[in-house]
Each structure stands twice: as C-alpha cells, then as structure tokens.
Amino acid sequence: MNPGREHHEAQRAVLRARHTASQARMTAATRAYRKTLVREMFAQPVRDYAYRCIGRPISLLRAGHLASLDELGLDQLRDSGFEVTVLTVDEDGPRFAGPAGTDGRAAGDKTVLGDLRAVPMPPRSFDIVHCALLLDRISHVELVLDRFIAALRPGGLLLLHIRDRDCAAGFLDRIAPQWVRRALWARLNPGQPGPFRAIYEPAGSDRGIRAYTQLRGLVISHRETSRTSAAGSGRAGQAVSAVRGLIPRLTRGRLTDAHDEVLYVIRKPEDRFARVV
C-alpha cells in the first residue's frame, strides 16, 4: 500500500467523522432550542387529541405563514410515530416563511396561496386549525372563523392567538398614522416583516371571540392572556411603554395595559347534529 495514500484516506475519514459529529451537535441544539418554543397551552390539547386519533394521520390547517408551528410541539408527536400533515394558507405568499423544517413543518407539508375568505376548505377535513396573530389584520373575521369551524371535524380544535383591539397596545396600533407605525416597527422590530394592516374588527377582539363562541355553540377549553414588551430598546421602546401606561388612566380603565394578546383553545362539539355554523 502507498503510505501517502493511506495517510490521505485517514485524513478524509477524520474530516468526515468531524463533519458528522458537528452536524449531529447542530441538530441536537436545534431540537433543544425548538423545544423551548413549545407552548404547553396549545401542545397539551394537541397531544391529547392525537392520542384519541391513533391509527390515522392528523390533519392541520395553518392560517398564515407568521404562525409558527413550533409552539404546537409537532416535532415531539412526529418523533413518537404520529403522522401529522400541515396545509398552510396565506395570501402574502411564502416570502415570510422559513424553509421546511425550521418552524415545525415537515418537507411534505403543503402551502396554498389565497384569501382565507375564498380558498377552498373541504368541510370536516381538518383535525386542528391554528391561527396566530392574523385576525387583527384581516376583514370579515366572522366569515373566516365560520370557514375554520366548518372545515373542522367534530371534536376538532381551533387554536387562536389574537392581538386584542380593546387594550392599550391595540388602540395605539389602530390610531397611529401609517408612517408612524412604519418608523416604530423599523426601530422596535428590525429585520422583521411588517408592519401589517391594522384593521382590528370588533369580531376579532377578546370580547368578539367570546361572543362568537357562545353564538356558535363552541367551547373555550382554555383562555390565557399575555403582555408583550417592545422587541427593541432605547427611546422608542420607552416612549411606547410610557404611552401604553397612560392610556388606561385616560380611558378610566376601559382600555387595559395588563395584556395585549389573548390565546384560546376552542373545541368544536362532538355531536355532528349540533348547530355550530
């Protein structure tokens, strides 16, 4: 054997082993990080539902590309042997979405470009609908919600994450001129897509969602509020926080600064004869 060739082959083997080990470390670090993004409020009902459907695939509709699937814990379900298929519908296109596998999506998941008010949604074809941070920037909210509910199977889950119009942050977003919103967004959310339209229909508020579920005979299994802080720092973030703190006083408590986002786990009734739409 040629000693030089043997040495070269050994070096190549070492490099391949190092590369493999590096890839394994990166994969493990990515999985560990994505586990920190899991929101148990959503992930636990999704797991419970999946175990009720053992033996068949779980079909999930994601409304909007900005809704990260990491919070649903789909990786853990797939690692446990469950088959989960995801259909994403968004009129803005995939330019805001990362590559498959970076936000809880698998390579076989599909994307449809279209308006949620018109894109085909076969009735009773999805087990779960996930709609996050979308209802504040679309019109005809009740129509969209009706289409979500019609597309859910009996007993299915509607996971909503909304920005509440009836709070200090929502009020500021609604009344601020577009040039102000653009300037603040650039300072507080550098590199992030936005700002999007600030429509904030009453039907998409916390009060509107609760009234909608009562009218349609739906069950809110869990509701949670959260208060987000400005992503950026400096004077712009301090100014926004200060104004948000003043609004409850100026409105005598009508608009709160205790929260700006609300999350819901909503269940469609099992009874196939129940009138929910």
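FYI, side chains are in, hydrogens and waters are out, and symmetry mates aren't considered; it's all heavy atoms of this structure.
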- Query: Should we count CZ of Arg52 as having more than 12 external heavy atoms under 6.0 Å?
  - Reply: yes
- Task: Please say whether more than 12 non-hydrogen atoms of neighbouring residues, nucleotides or ligands are located less than 6.0 Å from CD in Gln44.
- Result: yes
- Ignoring hydrogens and geometry, is there a side-chain-to-backbone donor-acceptor pair from Tyr212 to Asp146 under 3.5 Å? yes
- Query: Do Phe171 and Tyr200 have ring centroids that are under 6.0 Å from one another?
  - Reply: no
- Query: Ion pair present between Arg137 and Glu201, side-chain N to carboxylate O less than 4.0 angstrom?
  - Reply: no
- Note on the structure: For residues 165-181, the salt bridge (charged side-chain N to carboxylate O under 4.0 Å, His left out) pairs (sequence neighbours left out) are Asp166-Arg207, Asp173-Arg181
- Minimum side-chain heavy-atom gap Leu218-Pro269 below 4.5 Å: yes
- Item | Salt-bridge present (Asp136, Arg197; N to O < 4.0 Å) | no
- Message: Could you report the tightest heavy-atom contact between Ala150 and Lys268, atom names first, then the distance?
- Response: O-NZ, 4.1 Å
- Query: Does CZ belonging to Arg252 count more than 12 external heavy atoms closer than 6.0 Å?
  - Reply: no
- Item | Between CG on residue Leu72 and CD1 on residue Ile128, distance to nearest 0.5 Å | 7.0 Å
- Message: Check this for me, if you would: do Glu142 and Arg117 make a salt bridge, where the nitrogen-to-carboxylate-oxygen distance has to be below 4.0 angstrom?
- Response: no
- Task: Looking only at non-hydrogen atoms, find the nearest pair between Val265 and Met41 and report the distance.
- Result: CG2-O, 3.5 Å
- Check side chain to side chain donor-acceptor pair (under 3.5 Å) between Thr85 and all other residues, then give those that pass, not counting sequence neighbours. none
- Would you say the side-chain atoms of Asp127 and Ser59 include a donor-acceptor pair closer than 3.5 Å? no
- Under a 4.0 Å N-O cut-off, is there an ion pair linking Asp257 with Arg244? yes
